[in-house]
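What's counted below: heavy atoms across the whole structure, side chains too, no hydrogens, waters or symmetry copies. In the text below, chain A, chain B and the rest are named by the order of the sequence lines, each starting its count at 1. For clarity, every value in this text was computed on a predicted model and none was experimentally measured.
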Protein chains: 2
Amino acid sequence: MAVTLKEVAERAGVSRSAVSRTFTDGASVSDKMRRKVEKAARDLGYSPNALASSLTTGRTKLIGLVSNNFHNPIFLEVFDLFTRGLQDRGLRPLLVNLTDETDPENSVRMLRQYSVDGVVVASSTLPPGFAKAFRDAGVPVVHSFGRSSSAPQVHVVGIDNVECGRMAAQALIARGYTHVAFMGGPEDATSTQDRFAGFKSEIIKHPDIQASHSFAEAYSFEAGRKEMLRLIDANPAQAYFCGDDVLSIGALSAIEDSNLRVPEDIGIIGLNDMEMARWENIDLTTIHQPIRQIVTSSIELMVAMLDEPDRYPEARIFPCSIVERGTLRPAP
Amino acid sequence: MAVTLKEVAERAGVSRSAVSRTFTDGASVSDKMRRKVEKAARDLGYSPNALASSLTTGRTKLIGLVSNNFHNPIFLEVFDLFTRGLQDRGLRPLLVNLTDETDPENSVRMLRQYSVDGVVVASSTLPPGFAKAFRDAGVPVVHSFGRSSSAPQVHVVGIDNVECGRMAAQALIARGYTHVAFMGGPEDATSTQDRFAGFKSEIIKHPDIQASHSFAEAYSFEAGRKEMLRLIDANPAQAYFCGDDVLSIGALSAIEDSNLRVPEDIGIIGLNDMEMARWENIDLTTIHQPIRQIVTSSIELMVAMLDEPDRYPEARIFPCSIVERGTLRPAP
DNA sequence: CTTCTTTTTGCAACCGGTTGCAAAATGTTG
DNA sequence: CAACATTTTGCAACCGGTTGCAAAAAGAAG
């Protein structure tokens, strides 16, 4: 069906090598030859088979893009940025949807079968061991939105979730709240654990502040709403640091439905600064996660690793900052 | 680096063909041989190179997933369903982000270079010619969420947007609104055109109904909000059929900010029934688009085409229905 | 134990490219 | 124009698999 190298060679009356060389840059071809081959190729509508060439060159330009966050709207933005960034560099994202699976084994095998040049694990909930499995298999890997660590075993690009937790606690305390709480995402997500740890570490410095915590079932609107309804029914705190924006928005909905006001009765601070947070009818005060920078940096790191697979692992941590909107009362 | 067929063959003391056959089902291998080979493969950690085998079999199990809707939250759900559905059938999605590009040429070339077995074009805004370009290149293609047609040239799976427009108009009229309007997405999107056409065709039957229309710049919150603010400033209709849910939510935000009430002052009906539409603080009356069925059916069709590439093109159109929530006043 | 049938196995060619090497062509210099 | 350096080209082997075909092995029948 498709036109092959051989056919082009025959039509141009040259050797197959000549055709191959016209299509690999840096190869030695005379101008005359190049013109002859290009004409033949154009006539036949030839374009080289990337997979066949990968056999000898050992490069497919395929990059596995592995994620389990197909329900958090912020990841649509992440996918947008990743796919565009990879495409711009001539790389092709092979998307892998992990759903509930947290065992890397299958993904590793599959992606090796397709000889991907590298893998980006884009998830804030997977354990560090997941990304490590790719490294152990000899595949360059970057864990985006992964758990930061002072001694990373694989390349990690993301934020310091512990610091974010601390920052949220400080913000609440600075605004004069005396009874605050952490409403996390799933307890087994590394990002939840870290944010909580940071939050606690700050609170503990202020013995006068009353603090509590609980966890929603998922990083989702429904889970946030449900959990907040439960909390309101019990003894709600004055302000909550919610595990992420989508959870926050669920919580806001619950508060509104309970005829309580934000921020007068209950304050909320989220994390991510997703597009929706700035929608006027949501107007969520939140901690901005620099997604664009994280993705760009992840891609740069991946590209660097393609040239230098044994690059010493590093953690690239981007600072976050609070975006003041309408769901926390102003500092006194 | 990676273990090859040959090494397994040597370790097991058998021919390369034998190894190949143990890994292709339906091939003739004795139990004894299979055990020997599997042992050697396990010892070495071998798994076959999918790309190499694709050279001879002519099948890569790669499916191009082409889209330009990376800003509409509903597409995260679409990607989730597609990736899972394809994976479950042993197919691998190669994601292509079209951004602003509407010329299929590059995508066609790239996806042919990677010898994809098929292409799914998932977009409600691309012209039918886009998908057709793949067919012309000899690649099986399904256009999901594409424009329906009585004489489709490629396989189309989606909804009847004209009928949806009609349905929306009927709903508004049935609720006693006498001044209604269509607030569309980008005017050049096929879905906008069709929805508008349907809307008009119904309105025209009711000479007593006053109707107007306008278009937002994009299918986005901001665009919807901006357009609605403009409309409120002029002479707003009593009720709007918005081009899609995200546009509707933008419009709702504008209405709320203008101290008007929904549905008392202005009614809104959207289209898609995205997850967010049922969030209690949005509670959008909308036309449900059966995404799950569309995706499932698209995948089934794609799988069928892999066996039968010249399958006669068909349009699979799924009915939509109105989901009653809080943004339209009840019928009198 | 033959003889015939069926299954299993290996050989070798092939899929669509790339690349080291040496021969051929071209360019440079005296 | 000869002698040498440089560039261009083709040959042939290879990348990691698959597969048609015929030989070898195993099983069934007599």
Side-chain angles (χ1 to χ4, degrees), chain A residues 1-38 40-41 44-62 109-117 138-139, chain B residues 1-41 44-62 109-117 138:
Chain A
M1 192 81 237
V3 185
T4 74
L5 188 87
K6 195 167 132 210
E7 301 173 57
V8 178
E10 277 165 9
R11 176 174 247 263
V14 301
S15 75
R16 293 170 28 203
S17 335
V19 180
S20 173
R21 285 197 258 263
T22 14
F23 285 94
T24 39
D25 36 28
S28 158
V29 217
S30 68
D31 279 7
K32 196 168 54 158
M33 169 68 81
R34 155 156 281 126
R35 270 194 299 278
K36 239 194 315 189
V37 171
E38 278 174 349
L44 264 44
Y46 169 76
S47 69
N49 182 323
L51 302 181
S53 73
S54 84
L55 260 193
T56 34
T57 61
R59 305 214 135 194
T60 55
K61 302 194 164 222
L62 290 172
R109 183 151 26 87
M110 190 238 110
L111 287 169
R112 291 197 62 185
Q113 289 189 328
Y114 279 85
S115 317
V116 293
D117 287 349
V139 182
Chain B
M1 190 84 241
V3 185
T4 73
L5 188 88
K6 195 169 134 207
E7 301 173 56
V8 178
E10 277 163 10
R11 177 173 244 262
V14 301
S15 75
R16 294 174 3 180
S17 334
V19 180
S20 173
R21 284 196 259 260
T22 25
F23 285 94
T24 39
D25 34 31
S28 156
V29 218
S30 68
D31 280 6
K32 195 168 55 161
M33 169 68 81
R34 154 156 281 128
R35 270 194 297 277
K36 241 195 313 191
V37 171
E38 277 174 351
K39 165 123 182 37
L44 264 43
Y46 169 77
S47 69
N49 182 323
L51 303 181
S53 73
S54 84
L55 260 193
T56 34
T57 60
R59 306 216 134 192
T60 55
K61 301 194 165 219
L62 290 171
R109 183 150 25 87
M110 189 239 110
L111 287 169
R112 291 198 60 184
Q113 290 188 329
Y114 280 85
S115 318
V116 293
D117 287 348

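- Taking five base pairs at each end of the helix from C:dC1-D:dG30 to C:dG30-D:dC1, the local helix axes there meet at an angle of 30°, rounded to 10°.
- For the atom pair CG of A:Leu44 and CG of A:Leu5, the computed distance is 11.5 Å after rounding to the nearest 0.5 Å.
- In the 5' to 3' direction, nucleotides of DNA chain C lying under 4.0 Å from heavy atoms of chain A begin and end at C:dG16 to C:dG20.
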Check: residues 26-34 of chain B side-chain donor-acceptor pairs under 3.5 Å, at least two apart:
| residue | atom | partner | partner atom | Å |
| --- | --- | --- | --- | --- |
| B:Ser30 | OG | B:Met33 | N | 3.2 |
| B:Arg34 | NH2 | B:Thr22 | O | 3.1 |

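- In this structure, A:Thr24 reaches the sugar-phosphate backbone alone: every heavy-atom distance under 4.0 Å involves primed, P, OP1 or OP2 atoms, never a base.
- Applying the side-chain contact (heavy atoms from CB on, under 4.5 Å) criterion to A:Glu10, with sequence neighbours excluded, gives A:Lys6.
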B:Arg16 and B:Val19: CA distance, side-chain angles, deciding distance, side-chain contact (heavy atoms from CB on, under 4.5 Å) verdict: CA-CA 5 Å; B:Arg16 294 174 3 180; B:Val19 180; 5.7 Å; no

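- Computed from coordinates, the B:Met33 CE to D:dA25 P distance equals 12 Å when rounded to whole Å.
- Across all strands, B:Ser53 comes closer than 4.0 Å only to sugar-phosphate atoms, never to a base (heavy-atom distances).
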Got a list of side-chain donor-acceptor pairs under 3.5 Å for residues 50-57 of chain B, not counting sequence neighbours?
| residue | atom | partner | partner atom | Å |
| --- | --- | --- | --- | --- |
| B:Ser53 | OG | B:Ala50 | O | 3.0 |
| B:Ser54 | OG | B:Leu51 | O | 2.7 |
| B:Thr56 | OG1 | B:Ser53 | O | 3.3 |
| B:Thr57 | OG1 | B:Ser53 | O | 3.0 |
| B:Thr57 | OG1 | B:Arg59 | N | 3.3 |

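- Within the nucleic acid shown, A:Ser28 comes within 4.0 Å of at least one base atom, counting heavy atoms only.
- Residue A:Ser30 is classed as a sugar-phosphate contact, given heavy-atom separations below 4.0 Å to backbone atoms only.
- Residue contacts for A:Val29: at a heavy-atom cut-off of 4.0 Å it reaches the sugar-phosphate backbone alone, with no base atom in range.
- Where B:Val14 and A:Arg16 meet DNA chain C, the nucleotide closest to each residue was compared, and B:Val14 sits on the side nearer the 5' end.
- When the ring-ring contact (aromatic ring centres under 6.0 Å, His included) test is applied to A:Tyr114, no partner is found at least two apart in sequence or on another chain.
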